[in-house]
Amino acid sequence: MTATTDTSPAASASAASDRAADAVDAVDPELRETARSLHSPVVDWFATHARDLPWRRPEAGAWGVMVSEFMLQQTPVNRVLPVYEEWMERWPRPADLAAEAPGEAVRAWGRLGYPRRALRLHGAAKAIAERHGGEVPGEHAQLLALPGVGEYTAAAVVSFAYGKRHAVLDTNVRRVFARAVSGQQYPPNATTAAERKLARALLPEDDTTASRWAAATMELGALVCTARGPECGRCPIAAQCAWQLAGAPEHQGPARRTQSYAGTDRQVRGRLLAVLRTSKDPVPQSALDRVWDEPVQRARALDGLVSDGLVEPLDGDRYRLPLT
DNA sequence: GATACGTGGTT
DNA sequence: TAACCAAGTAT
């Protein structure tokens, strides 16, 4: 958008588009005031109550932040901690991981779960080494282009590693906003446009405060405003919380569909991969056959692992973690 | 938008 | 004990 005197059709369309974009992010003055009243108590609470996590220390760098974010996708902090430490000691820079076989990343991932994340982190490291000179990129769009990096992880790296102003919307933040601002016990099952808009509207103006706010709202959700049994007595914004002020009503909408696990392909995949992780040498088919008695499902799970690139088939009915 | 994708602790 | 929950992404 440039000259305001340009009245060409293209410029008019563009101006209309800009007005539409403005309207999307137009912040209700009342919401603006709500935001301002939340910033200080939450950021101050974070300053005194934040956990001392290794990826929050300056020496972690952008790579440390990125590694932690991959590992923390759907996995609790306590399970991540030891694996993170080993990982960073072994591969302190993206290029170090990029030089390894992907199977080594899968092996080091251990039992964190969702081992495709290990493969994608390895792929991200390769892309960083090849396309970004070995430095984790600092632009949201560049990060988003990396394997395994979605909206949330890109925002987290931008905000936590580079201290930039960007809305960070994870499950913790969504729950905090649902309660404190929207007066709901839980956020919707899937992230909505309204939630993204709210997150942008609540973001402090300057980079430094916005970055602290992002980390602080996540930490508040993780430690105090938890899914079950929130400790509102310890919450720095309990007095302003819309959900509390409404009398903490029970959630109305549809319950989240709980995923089964026992007997699924995922369980079979997990067992197969557990065998392969513990063996440096190729594993014969017979060893894999022992982990699951139903042959059709077993074969399907193994096929899936191969097509996902998590397992490499060799001649002679042998398998191993991928070398390339 | 719904579904697949691991693992283990908590209630 | 079965269900819930944990810093999501890709298709």
Side-chain angles (χ1 to χ4, degrees), chain A residues 46 50-51 53-56 60 64-84 106 109-121 123-124 143-161 166-177 185-193 195 199 214-223 225-230 251 254-277 291 297 300-301 303-305 307-311:
Chain A
F46 184 64
R51 289 168 293 180
L53 300 171
W55 45 85
R56 286 181 177 159
V65 171
M66 173 171 271
V67 169
S68 76
E69 293 302 339
F70 268 80
M71 292 182 174
L72 289 163
Q73 290 168 7
Q74 299 284 281
T75 303
V77 167
N78 288 334
R79 298 233 315 276
V80 165
L81 283 169
V83 182
Y84 172 85
V106 174
W109 198 255
R111 305 188 66 80
L112 284 184
Y114 292 149
R116 292 194 290 197
R117 292 181 293 166
L119 223 44
R120 290 171 181 158
L121 181 52
L143 289 159
L144 211 45
L146 300 172
V149 177
E151 172 64 33
Y152 161 76
T153 300
V157 172
V158 162
S159 181
F160 304 153
H166 201 290
V168 177
L169 207 49
D170 80 322
T171 187
N172 290 303
V173 178
R174 294 181 62 221
R175 189 172 54 250
V176 169
F177 290 172
Q185 186 180 24
Y186 297 116
N189 286 336
T191 306
T192 63
E195 286 183 275
T217 47
M218 282 182 64
E219 191 77 337
L220 189 61
L223 298 183
C225 193
T226 51
R228 284 183 293 185
H251 185 63
R256 204 179 341 191
R257 278 191 59 189
T258 175
Q259 57 170 8
S260 56
Y261 179 65
T264 63
D265 287 6
R266 294 159 72 177
Q267 184 180 24
V268 185
R269 287 165 59 107
R271 289 192 182 185
L272 291 170
L273 212 53
V275 171
L276 292 161
R277 270 200 310 266
V291 307
Q297 186 179 25
R300 185 173 64 229
D303 277 353
L305 288 170
S307 59
D308 285 348
L310 283 162
V311 172

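Throughout, protein chains are lettered first and strands after them, A, B, ... in sequence-line order, and every chain is numbered starting at 1. What's counted below: heavy atoms across the whole structure, side chains too, no hydrogens, waters or symmetry copies. Predicted model only: the values in this text are computed from it and were never measured.
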Would you mind reading off the distance between [X] atom [atom1] and [N] atom [atom2], rounded to a whole angstrom?
X        : N     : atom1 : atom2 : result
A:Trp109 : B:dC5 : CH2   : P     : 18 Å
A:Asn78  : B:dG8 : CG    : C1'   : 12 Å
A:Gln267 : B:dG8 : CD    : C1'   : 13 Å
A:Leu310 : B:dG6 : CG    : C1'   : 11 Å

Check your understanding: Can a salt bridge be assigned to the pair A:Arg56 and A:Glu219 using a cut-off of 4.0 Å between side-chain N and carboxylate O?
Key ->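 Yes.
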How far, in whole Å, is [M] from [N] if one measures between their [atom1] atoms?
N     : M      : atom1 : result
C:dA7 : B:dT10 : P     : 14 Å
B:dT3 : C:dC4  : P     : 16 Å
C:dT1 : B:dG6  : P     : 26 Å

Check your understanding: If you round to the nearest 0.5 Å, how far is CG of A:Leu169 from CZ of A:Phe177?
Key ->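 The CZ atom of A:Phe177 sits 7.0 Å away from the CG atom of A:Leu169.
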Check your understanding: When rounded to the nearest 0.5 angstrom, what distance separates CH2 in A:Trp109 from CG in A:Leu121?
Key ->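 Nearest 0.5 Å value for the CH2-CG distance: 6.0 Å.
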What is the nucleic acid contact for [X], judged by heavy atoms within less than 4.0 Å: base, sugar-phosphate only, or nothing?
X        : result
A:Arg266 : base
A:Phe70  : nothing
A:Leu273 : nothing
A:Arg277 : sugar-phosphate

**Study point:** Donor + acceptor pair across side chains of A:Glu69, A:Tyr152 (<3.5 Å)
**Key:** yes
Point to revise | Donor on one side chain, acceptor on other, A:Arg266 and A:Tyr114, under 3.5 Å | key: yes
**Study point:** A:Arg117 side chain vs A:Phe70 backbone, donor-acceptor pair below 3.5 Å
**Key:**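 Yes; judged by distance alone, with no hydrogens or angles, the pair exists.
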Point to revise | Side chains of A:Met218 and A:Phe160 in contact at under 4.5 Å (non-hydrogen atoms) | key: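 In short, these two side chains touch, coming nearer than 4.5 Å.
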**Study point:** Contact state string [nucleotides 6-11 of chain C, B base, S sugar-phosphate only, - no protein heavy atom under 4.0 Å]
**Key:** BBBSS-
Check your understanding: In terms of the nearest nucleotide of DNA chain B, which residue is placed more toward the 5' end: A:Thr191 or A:Arg117?
Key -> A:Thr191
Check your understanding: Are OP1 or OP2 of B:dG6 and a side-chain N or O of A:Arg269 less than 4.0 angstrom apart?
Key -> yes
